Amino acid sequence: MNEDLSKIRQRISQLSKRRQMLENKIMNTGDILKASYYERFIVCGKPNCKCMHGEKHGPIPWITCKKETKIISTSVPSNNVTRAKEMTENYKTFRNAQKEIKKINNEINELIQEILKIKEGDIDEIIKK
């Protein structure tokens with residue numbers, strides 16, 4: 001029993017350290033933009049343009065996000081491309097850390113349930129005369 005509790009305690013300690021590292025990562029993440037950044041190639045539709053013959057325009061920096069109930073999908077001005085890339089990468093970093101923290105919390109909760117099972121007494125032992 002004590003050996004099992006010791007292993008559980010060690011695992012919880014490891015998970016707590018990992019969670020602390022992830023919390024620090026979240027706190028130190030720079031500005032965030034809840035959006036997707038990508039580059040796309042487009043066809044303008046002008047009849048004599050090169051894009052009508054297979055040579056598309058681009059790459060064009062593009063961003064897509066949800067704002068309230070609307071989906072915004074638009075090009076990014078060239079003076080904001082670096083910032084848009086950085087902020088969307090920060091968002092990915094933030095979300096990945098957040099997901100990992102949730103997994104860690106679930107594992108810690110499962111370990112705590114194991115502790116409860118190990119420590120739980122039997123009611124019959126208490127009420128027998």
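Treat the numbers as computed from the prediction; the structure is a model and nothing was measured. All residue numbers in this chain count up from 1 along the given sequence.
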> Is it the case that over 12 heavy atoms from other parts of the model lie below 6.0 angstrom from the CZ atom of R40?
yes
> To the closest 0.5 Å, what do you measure between OG1 (T29) and CZ (F94)?
7.0 Å
> When you compare the side chain of C65 with that of L33, does any pair of heavy atoms fall below 4.5 Å?
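No - every pair of side-chain heavy atoms lies 4.5 Å or more apart.
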> If two hydrophobic side chains count as joined below 4.5 Å and joins carry through other members, does Y38 share a cluster with M87?
no
> Does L111 share a hydrophobic cluster with L5, counting links as ILVMFWY side-chain heavy atoms below 4.5 Å and allowing steps through other members?
yes
> Of the non-hydrogen atoms in T88 and K85, which two are nearest, and what is the gap between them?
OG1-O, 3.1 Å
> Kindly give the heavy-atom pair with the smallest separation between C51 and C44, and that separation in Å.
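C51 and C44 have their closest heavy atoms at SG-N, 3.2 Å.
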> Rounded to the nearest 0.5 Å, how far does CD of E114 lie from CD1 of I12?
9.0 Å
> Below 4.5 Å, heavy atoms only, C-beta onward: do R19 and E107 meet side chain to side chain?
no
> About how many Å separate CZ of R11 and OG of S16, when rounded to the nearest 0.5 Å?
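Going from OG on S16 over to CZ on R11, the span is 10.0 Å.
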> Do you know the tightest heavy-atom contact between N90 and D31?
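Looking at all heavy atoms of both residues, the shortest contact is ND2-O, 2.9 Å.
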> Passes side-chain hydrogen bond (donor to acceptor under 3.5 Å, both in side chains), N106 versus E110? Steps please.
CA-CA 6 Å; N106 287 338; E110 289 171 7; over 6 Å; no
> Nearest 0.5 Å, what's the CD-NZ distance between E100 and K25?
8.0 Å
> Would you mind reporting whether H57 and K50 have side-chain heavy atoms less than 4.5 Å apart?
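Answer yes - side chains close enough.
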> Ion pair present between E89 and K92, side-chain N to carboxylate O less than 4.0 angstrom?
yes
> So if you build clusters from Ile, Leu, Val, Met, Phe, Trp, Tyr with side-chain heavy-atom gaps below 4.5 Å, do I112 and I118 land together?
yes
> Using side-chain heavy atoms (C-beta onward) and a distance below 4.5 Å, is K103 in contact with K99?
no
> Kindly compute the distance separating NZ (K66) from NZ (K34), expressed to the nearest 0.5 Å.
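Here the interatomic distance stands at 9.5 Å.
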> Transitively linked via ILVMFWY side-chain contacts under 4.5 Å: W62 with V76?
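Looking at the clustering, V76 is in a separate group from W62.
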> Which value, rounded to the nearest 0.5 Å, describes the distance between Y37 atom OH and R83 atom CZ?
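Going from the OH atom of Y37 to the CZ atom of R83 covers 14.5 Å.
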> Please check if M21 and I26 belong to a single hydrophobic cluster, counting links between Ile, Leu, Val, Met, Phe, Trp and Tyr side chain heavy atoms closer than 4.5 Å.
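In one cluster with M21: I26, yes.
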